[in-house]
Structure formats: structure tokens, C-alpha cells
Amino acid sequence: MKKPDKKIQDNKNKNNLPKKENRVYRLAFCGMILAFALILGYVESLIPFSFGVPGAKLGLANLAVVLCLFCIGEKEAFVISICRILISSFLFGNLYGLLYSLSGGVVSFGVMFLYYRFGKGKVLFTSALGAVSHNLAQMLVASFVVKTFVILYYLPLLVLFGMVTGLLNGMIVTLIMPAFTKMKWIGD
């Protein structure tokens with residue numbers, strides 16, 4: 001019986017896919033997650049309800065970032081988060097929207113990453129912390145832009161709303177995550 005070539009064997013991962021092909025699958029999957037995030041962001045922009053709190057949103061696009069963080073990896077999730085913010089701001093927003101979204105997105109991802117890496121890493125709390133930190137960062141940037149801290153008066157409402165929507169989004173990610181983890185090539 002002929003032994004497999006060592007060079008060929010080293011170039012394959014545990015799913016018997018060549019490493020280069022596995023990278024292509026991951027890249028394609030990240031592209032799909034980015035498209036999913038953009039679609040969710042667009043659908044959310046069509047919802048006319050303001051929830052009684054100015055600037056409050058459901059944060060549906062963050063579903064894709066949290067899903068990516070837990071199923072694919074930190075680097076991919078960060079790139080998807082930044083690309084989603086840039087693309088959606090250019091398509092549906094303006095310069096101030098980009099400023100607020102980018103500041104909120106970077107701070108939110110940083111908090112989610114730290115909790116994911118060094119905390120318990122639970123999906124629900126990671127999503128909730130991300131939502132709350134996103135709101136905090138956006139409010140701080142807004143207070144500097146308008147040069148007054150008076151707008152921070154409704155920060156407690158935004159924190160509460162962020163906690164609720166973050167937990168709901170975390171529940172949704174928890175429900176759909178098993179389908180993504182069945183794809184053997186994702187975690188490699």
C-alpha cells in the first residue's frame with residue numbers, strides 16, 4: 001500500500017479540504033455575512049418606528065457581526081463590522097452618520113471582543129454589551145459634535161433600550177448559530 005505524499009497531507013486540514021480552498025470558502029462566507037448585515041441594516045432603516053427614544057434602533061446588522069465573532073473569528077468579524085459601516089453609510093447615510101456609526105461600531109466591537117476573549121464569552125451578554133457600548137460611544141461623539149452634554153439626559157433610556165435589543169439579538173444569534181457551526185469548514 002502506497003503512503004500518501006507528506007506534502008499533500010500537510011496541505012490539508014481536518015476536513016480534508018486543501019488549505020487554499022478552505023480560505024476561499026471562508027472568504028465567500030464572509031462575503032455572504034457582509035451582504036446579510038447590509039440587508040439587515042437596510043431593512044432596519046425602513047422601519048418607521050422610533051421606539052420613543054431618538055436614535056434608538058434594533059441593531060439588526062449587529063446579528064451578523066456577533067454571529068461571525070462566534071462562528072468564524074475575531075479578525076473576520078471586525079472586518080465585516082467596519083466594511084458594513086462604511087458601505088451602508090455611503091449607500092444610505094451621510095458623513096455624520098458615518099462618524100457616529102464608526103465610533104459606535106469600533107467601541108462596540110472592542111467591548112464584545114474583550115468580553116468574548118477574556119470574559120465568559122456568552123452570546124447573549126456579548127451582544128448586550130456591544131449594543132450598550134455602541135450607544136454610549138455614539139452619545140459621547142454626538143455630545144462633542146453638538147458641543148453640549150445636555151443630550152446625555154436620555155442616555156439611561158438608550159442604555160436600557162440597548163440592553164433589551166442586545167439581549168434579543170443575542171437570543172436570535174443563539175438560535176441560528178447551530179446551523180452555522182455544522183459547516184465544518186467555518187471554524188478552520
- Task: Could you tell me the separation between the CG atom of Leu34 and the SG atom of Cys68, rounded to the nearest 0.5 Å?
- Result: 9.5 Å
- Item | Check against side-chain contact (heavy atoms from CB on, under 4.5 Å), Ile82 and Leu102 | CA-CA 7 Å; Ile82 297 300; Leu102 202 54; 4.0 Å; yes
- Query: Can you tell me how far the CD1 atom of Ile80 sits from the CD atom of Glu76, to the nearest 0.5 Å?
  - Reply: 7.5 Å
- Rounded to the nearest 0.5 Å, the OG atom of Ser88 sits from the CG atom of Leu40 at a distance of 11.5 Å
- Find out if a path of hydrophobic residues (ILVMFWY) with successive side-chain heavy-atom gaps under 4.5 Å connects Leu91 to Leu86. yes
- Message: Testing Thr165, Val159, Val164 one by one against Phe161 for a side-chain contact (heavy atoms from CB on, under 4.5 Å), which residue passes?
- Response: Thr165
- Query: Is it the case that one hydrophobic cluster holds both Leu67 and Ile39, taking links as side-chain heavy atoms less than 4.5 Å apart, direct or via other members?
  - Reply: no
- Under 4.5 Å between side-chain heavy atoms, hopping through other hydrophobics if needed: is there a path connecting Ile176 to Leu38? yes
- Mark yes or no for whether Ser143, through its side chain, and Leu140, through its backbone, hold a donor-acceptor pair below 3.5 Å. yes
- Gap separating the CE atom of Met177 from the CD1 atom of Ile172, nearest 0.5 angstrom: 13.5 Å
- Message: Tell me whether Ser127 contacts the main-chain N or O of Val123 through its side chain, where contact means a donor paired with an acceptor under 3.5 Å.
- Response: no
- Task: Spell out, as yes or no, whether a donor-acceptor pair under 3.5 Å connects the side chain of Ser103 to the backbone of Tyr100.
- Result: yes
- Message: Has Ser108 got a side-chain atom pairing as donor or acceptor with His134's backbone, closer than 3.5 angstrom?
- Response: no
- Message: For the backbone of Leu98 and the side chain of Ser101, can you confirm whether one donor and one acceptor N or O come within less than 3.5 Å of each other?
- Response: no
- If you count the non-hydrogen atoms of other residues, nucleotides and ligands that lie under 6.0 Å from CZ in Phe113, is the total more than 12? yes
- Item | Minimum heavy-atom distance between Gly162 and Asn135, given as atom pair plus value | CA-ND2, 3.5 Å
- Message: Looking at Asn169, is its backbone amide N or carbonyl O close enough to the side chain of Asn62 to form a donor-acceptor pair, meaning the two atoms are under 3.5 Å apart?
- Response: no
- Task: Using atom types as modelled and distance alone, determine if a side-chain donor or acceptor of Ser45 lies under 3.5 Å from a backbone N or O of Tyr42.
- Result: yes
- Message: Tell me if the centroids of the rings in Phe36 and Phe29 come within less than 6.0 Å of each other.
- Response: no
- Contact summary for Gly104 and Gln138, nearest pair of heavy atoms: CA-CG, 4.1 Å
- Query: So, Glu44 side chain and Leu58 main chain: donor-acceptor pair closer than 3.5 Å or not?
  - Reply: yes
- Item | Spacing of OG1 belonging to Thr126 relative to OH belonging to Tyr116, to within rounding of 0.5 Å | 9.0 Å
- Shortest non-hydrogen pair, Ser81 vs Gly105, comes out as OG-O, 4.3 Å
- Query: Would you call the rings of Phe78 and Phe109 parallel, tilted or perpendicular if under 30° counts as parallel and over 60° as perpendicular?
  - Reply: tilted
- Task: Please assess Val79 against Cys30 for the test side-chain contact (heavy atoms from CB on, under 4.5 Å), listing each intermediate value before the final yes or no.
- Result: CA-CA 9 Å; Val79 169; Cys30 286; over 6 Å; no
- Query: Side-chain heavy atoms under 4.5 angstrom apart, residues restricted to Ile, Leu, Val, Met, Phe, Trp, Tyr: same cluster for Val146 and Met139?
  - Reply: yes
- Would you check if Val65 and Met112 make a side-chain contact, meaning some heavy-atom pair closer than 4.5 Å? yes
- Working to the nearest 0.5 Å, report the span between NZ of Lys57 and CG of Leu158. 12.5 Å
- State yes or no: do Ile85 and Met32 share one hydrophobic cluster built from I, L, V, M, F, W and Y residues joined by side-chain heavy-atom distances below 4.5 Å, directly or via other members? yes
